[in-house]
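Beneath this line is the structure, given in structure tokens, with notes to follow.
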Amino acid sequence: MIAYILRRIGSIFVIMFFASIIIFAITQFLPGDVAQLVLGQFATEEAIANLREEFGLNNPFYVQYLDWAVNFIKGDWGNSLVNRMPIFPMVMSRLRNSAMLAVVVLMIYVPLGILLGVLAALKRDKLPDQMITTVSMVFVALPVFVSSLLLIPFFCHYLGWLPANSSIHPDSTFGEALPYLILPAIAVALNSIGYVARMTRAGTIDVLRTDYVRAAYLKGLPRWQVLFRHVLRNALLPTVTIVAMDAGMMIGGMLVAEVVFGYPGLGRLLLYAMQNQDLPLIQACSMVAVTMLCLANLVADLLYGFLNPRIRVK
Amino acid sequence: MAICVQNNQEYIHSKLFNIWRGIRRNTLTVIGFFIVIIFLLTALVGPLFVPYHYAEQNIAKRLQPPSAEHIFGTDEFGRDVFSRVVVGSRNVCVVAGSGAALAVFIGLILGLVSGYWGGLLDDLLMRLMEVMMAIPGLLLAMLVLFSLGSSFFSVILVVGFMYIPVVTRVVRSVVLDIKTRAFVEAAKLRGESIPYILLREILPNVLPHLAVEGSMRFVYAIFMVASLGFLGLGVQPPAPDWGFMVSEARPFFSVAPWVLFFPAASIAILVVGVSFVSDGLRRMLLPGGVSSDRY
Amino acid sequence: MTDTRSRKTIDTEPILDVKNLTVTYHTDRGPIYTVRNVSLQIAAGEIYGLVGESGSGKSTLARAIVRYLADNGEIKSGSVKLGGTDLLALPMSKMQQVWGSRITMVHQDPAAAVNPSITIGEQIAEIARLHLHLSSAEAKAKAVEMLKKMRMPDPESVAKRYPHQLSGGMLQRVVIAIALTTNPQLLIMDEPTTSLDVTTEAAILDLVRELLAEYKMAVLFITHNLGVVANICNRVGVMYAGEILEEGTVQQVFRSKLHPYTRGLLGCLPKITNDKRNVSLTAIPGYIPRMNQLPTGCIFSPRCSMVEDECKAVRPSLLEAEAGHFTACRRWEILQSKPELLMDSQHARDFSKHEEGPVVLSASNIKKHFSVSAGGFASLFKRGRVKIKAVDGVSLGVRGGFTLGIVGESGCGKTTLSRCIAGLEEATSGEIELEGELIPYSVSKRTPAQRKSIQMVFQNPDASLNPHYTIGESVARPLVLMGLSKKEIQERVRQLFNAVNLPEDYINRLPHELSGGEKQRIAIARALAAEPTLILCDEPLSSLDVSVQAALINLLIKLQDTHKISYLFISHDLAAVRYISDWIAVMYLGRICEIGSAEDVFMPPYHPYTEALLSAIPIPDPDVRQERIRLEGSVPSAINLPSGCRFHNRCPRKIGRICEEQEPPWQDVSEHHHICCHITLDELRTLQSEVIVRQADSPGEVR
């Protein structure tokens with residue numbers, strides 16, 4: 001098990017290393033000269049050259065990358081080019097907000113997805129199954145901004161339960177922010193519920209077909225005991241991986257949802273940075289997103305290893 | 001022996017029977033199929049028949065509700081929403097379609113090669129794919145489009161490349177399964193060339209999976225193109241893009257909801273239609289199988 | 001049709017009493033009557049063997065008895081009584097209380113029948129808590145007690161383990177432990193040993209026999225293996241296409257065989273004492289009828305060689321031929337008077353004179369070591385890889401028109417060896433010579449002529465044909481590569497179809513329209529098309545029913561005779577290997593431990609492993625006596641090979657330290673017989689004074 005953990009952690013680090021190279025390389029293709037951007041259109045050639053020297057822009061690519069990577073690890077993320085504010089606290093505060101949103105999203109779609117998936121599997125090919133699979137298929141790839149447009153008129157305008165705009169103060173506590181989080185979270189979760197439900201359904205059906213479930217019924221165990229002790233324990237194991245696999249999609253969905261609802265999270269900060277061509281901020285936001293995705297995968301891997309006796313017990 | 005020989009007539013009958021039963025059971029697939037056909041037709045010939053040019057502005061007639069003149073109403077510049085939606089369908093279908101096709105094509109090649117040869121090449125490719133999948137798809141697309149500039153082709157390329165890992169993995173896993181089957185080994189034993197084995201023995205068995213996966217990629221490509229458009233990174237204005245149209249129309253939602261409704265509904269209907277087709281393909285071609293890759 | 005049988009064989013009331021049971025599956029094409037009017041009774045302490053080929057309805061019958069049918073299944077009529085309780089009248093909630101307490105089941109694949117994420121002990125304790133109402137501490141103790149009863153070494157620690165940590169044989173003991181925990185009235189065992197190796201199977205059967213002497217329950221033992229039935233059951237029912245055709249005590253059925261189908265089945269089985277030169281197998285012609293196209297008369301009539309018009313008109317019911325012995329054949333009296341009718345035994349085959357041809361294939365010191373990666377980034381480096389020595393220094397030779405059989409249990413490396421010879425795996429070292437010429441390891445580096453010479457018939461018929469091509473195309477492809485014209489190809493394909501006894505109008509069929517046996521015929525035809533000198537047969541029979549197996553064995557022998565092909569025949573079925581081979585090699589953990597002519601290998605002195613294998617095979621004749629030698633534990637993994645002699649940790653004849661420390665030497669028994677063992681031949685001869693398998697001295701003696 002320890003070897004497994006170390007291997008997973010090691011491979012996540014390697015993946016993050018290469019991913020950071022990709023992020024850094026892509027952002028270096030930014031149109032225009034960074035120094036020019038910083039100093040504005042009317043800067044002298046000399047000033048630009050000085051700033052290029054100062055930013056290390058004349059160094060070879062790998063030196064620039066290493067400088068950037070080392071500073072990133074140290075937490076020295078520099079200042080925003082636009083408002084000259086230090087990036088680290090800015091990104092961290094937004095990350096906190098995005099994390100709050102992510103928690104609500106997960107709390108909505110993981111239980112609901114599992115519940116619907118198991119229900120569909122148990123009522124396979126009957127009406128509940130067909131309804132669940134059809135509805136989940138409808139929402140699985142519906143862009144977040146489209147589903148928001150279904151939700152906002154209903155919940156905000158018709159029922160008047162929830163605010164349509166989530167542009168709260170960036171330092172709000174979770175309790176304060178919660179009412180503003182629900183609608184964007186639902187919009188993001190709609191994509192994932194269907195996916196998780198579908199995968200859970202498939203997994204559960206596979207397990208229901210196994211000999212050991214038949215054996216469990218023939219032991220005389222009541223249905224609910226077979227379901228909870230024998231079926232779900234095995235059927236939900238892959239769900240951990242499925243949720244992790246969905247994390248990339250979820251981060252994308254949250255980004256769009258933050259823009260739609262004006263929620264002050266990492267995604268909106270990234271879009272803002274892009275609109276203002278704020279290179280260090282773009283890089284920082286992107287790396288934080290990548291780190292989060294990698295962490296999610298790591299957690300899922302470890303959880304899977306922990307839950308699966310084949311890995312836990314050699 | 002004789003009792004086993006099945007009547008040919010009965011055999012044909014049962015095949016037809018199966019197809020008919022399939023259609024009857026797959027009403028949603030049929031609906032999805034018609035939706036896709038209608039959208040593809042619109043994308044192909046629609047732009048020839050639109051009443052107005054998509055960029056034709058008419059400030060005097062801005063934000064008009066649907067009427068006989070403008071059946072989907074007009075937007076804040078007085079442009080005809082119907083014409084823009086119709087022309088926009090071309091962008092979505094062509095961009096998403098080409099992106100998905102690109103991913104399927106390259107993913108097929110990489111998957112075949114990586115799965116068949118295995119070894120170091122396979123290891124390296126798989127690690128590269130893992131790295132690509134460690135960056136959230138939408139983020140990667142935004143960064144690339146932001147740096148390279150957004151155009152018709154760059155969106156296709158980005159969407160295509162983004163989905164290569166998924167397709168590669170699906171193809172690879174099928175190849176890994178098929179290549180150990182005895183019929184492939186028998187082909188090796190009789191000295192078939194590698195291209196023959198790959199294309200004639202393995203490929204036919206990969207195609208059903210590829211068709212299902214391709215349709216799934218098309219769904220997600222539409223999703224991605226629309227989302228990028230919404231964030232302003234899609235096909236650039238004034239060319240109409242459904243996602244961007246929704247984004248532009250949001251400030252006028254309370255006064256002119258139709259400007260927003262029609263492109264949003266188009267995205268929704270197309271996504272749902274393709275999903276239905278994809279699901280039907282899966283049930284017909286891969287009974288009992290599920291794809292597990294996402295995004 | 002009503003049940004005409006009286007209960008004379010058993011004095012006590014039967015525990016299980018099934019009367020006129022009919023089971024239907026509702027399909028899109030209408031109802032299919034999978035089990036029709038079946039009646040059977042099992043008394044306490046009795047093991048009733050239900051034997052039949054696949055599709056005979058035996059598993060459906062078992063599922064109907066426990067009322068655990070698929071959703072589209074329905075019990076149409078009949079009754080099932082368990083100790084006086086009418087099971088079919090119980091509501092499902094009451095039935096649930098019967099499951100696990102009064103009826104338990106043991107399934108075919110033990111690895112699939114236990115929950116992978118629950119410990120062994122808990123899986124036993126669960127049923128003890130539920131039905132014996134034990135506290136969790138008591139249930140835990142009960143689990144350990146049951147494991148001890150199963151003769152598990154170190155039951156306390158086994159109870160804490162997970163299924164993936166145990167071997168198949170151990171898991172089957174666990175499953176049996178679960179089934180016996182509540183001491184049920186009826187135990188249903190559905191092919192309990194089919195997925196196990198012979199030595200494990202023998203040990204499990206011994207265990208079952210002993211346990212059942214202790215637990216006086218009724219046992220319904222379902223199997224396709226007549227040898228197992230003869231070995232363990234008291235009474236037997238032969239099932240065919242949903243009906244029982246013959247029923248009686250094991251002695252009655254195996255001795256008198258009063259139904260042509262029973263005779264057919266037994267005639268299909270190669271006997272351990274016979275070989276292809278003195279006996280030819282009698283295959284049953286035709287196939288099991290589809291359940292929706294049953295003949296009107298006797299269901300076996302289309303395949304029966306004794307059929308009369310009347311057989312086709314009326315479906316016979318079971319008749320009592322002797323006390324407790326029932327048959328559904330109208331003409332049973334003829335069968336009774338002629339015990340050898342339809343059996344064809346000792347019928348000498350018209351076999352061309354056996355001449356040893358030149359050496360076609362010679363392999364020396366073949367090794368195949370796999371290195372398995374640990375996965376992830378570590379796999380890019382040499383570190384983190386484990387070496388598996390699947391084949392570790394094997395030498396053998398095959399002569400023209402000659403069959404070398406390789407036997408061994410799963411994991412002995414026999415398949416890897418054949419794949420190395422075929423070139424599908426590249427051998428790690430060693431020399432492979434084809435007709436005196438050294439050939440490359442990999443098939444892709446061999447010349448077209450070399451490739452053509454070695455062909456293969458694979459184990460799984462479903463995977464051996466590409467589902468996208470018609471079988472005609474599959475057979476034609478090697479001919480296309482040989483550059484024949486279209487006309488020649490058509491002609492050759494037709495010839496090949498005739499050679500493997502398939503009708504020519506099959507040419508345009510797709511593989512999924514064929515049965516397993518037919519697919520395997522096509523695989524043979526495809527191999528033959530290349531006109532090879534050597535065909536490697538890797539367990540070609542193991543997934544087929546007995547009657548189909550016999551036809552294929554006959555076909556292989558006929559083709560060998562007409563085409564002068566050599567075979568390397570790999571199988572775990574000793575009787576089949578003995579029957580078809582001229583020369584036999586016994587493999588254990590990557591090495592050959594005994595090699596010799598077929599007669600010699602089956603005569604003492606034996607290698608201790610061969611001895612154990614021979615004593616383990618289930619023989620379909622209750623009158624045959626077998627020495628009982630049982631192996632401890634299971635085959636060790638090829639990653640951690642035992643030192644010295646690889647067999648030492650399971651060898652019942654181990655002589656001491658030398659076995660653990662030194663590799664055993666090859667000893668020549670005769671020019672044609674070699675044994676790799678530390679024990680001297682003289683000692684082996686004294687230890688193994690008798691032939692392991694022999695006819696019982698007095699027929700009728702029950703073991």
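By convention in this document, chain letters (A, B, ...) are assigned in the order of the sequence lines, proteins followed by strands, and residues within each chain are numbered from 1.
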Polar contact flag, side-chain donor to acceptor under 3.5 angstrom, A:Ser20-A:Tyr65: yes

Taking B:Ser114 for its side chain and B:Gly111 for its backbone only, find out whether a donor-acceptor pair lies under 3.5 Å. no

Region of [X] that comes under 4.5 Å of a non-hydrogen atom in chain B:
X	result
A:Leu142	both
A:Val146	side chain
A:Leu150	neither

For chain B, which of A:Ser147, A:Ser286, A:Cys294 has the most heavy-atom pairs under 4.5 Å? A:Ser286

Considering only heavy atoms and a distance below 4.5 Å, find which of B:Phe276, B:Phe261, B:Phe223 pairs most often with chain A. B:Phe223

Ranking B:Ile222, B:Leu260, B:Val219, B:Leu233 by heavy-atom pairs under 4.5 Å to chain A gives rank one to B:Leu260

B:Phe33 atom CZ: more than 12 heavy-atom contacts under 6.0 Å: no

In this structure, are over 12 heavy atoms from other groups packed under 6.0 Å from B:Phe39 atom CZ? yes

So which pairs with a foot in residues 248-277 of chain B pass salt bridge (charged side-chain N to carboxylate O under 4.0 Å, His left out), sequence neighbours left out? B:Arg79-B:Glu248

Qualifying residues under side-chain hydrogen bond (donor to acceptor under 3.5 Å, both in side chains), relative to B:Ser266, sequence neighbours excluded: none

For B:Val246, which atoms come within 4.5 Å of any heavy atom of chain A: side chain, backbone, both, or neither? side chain

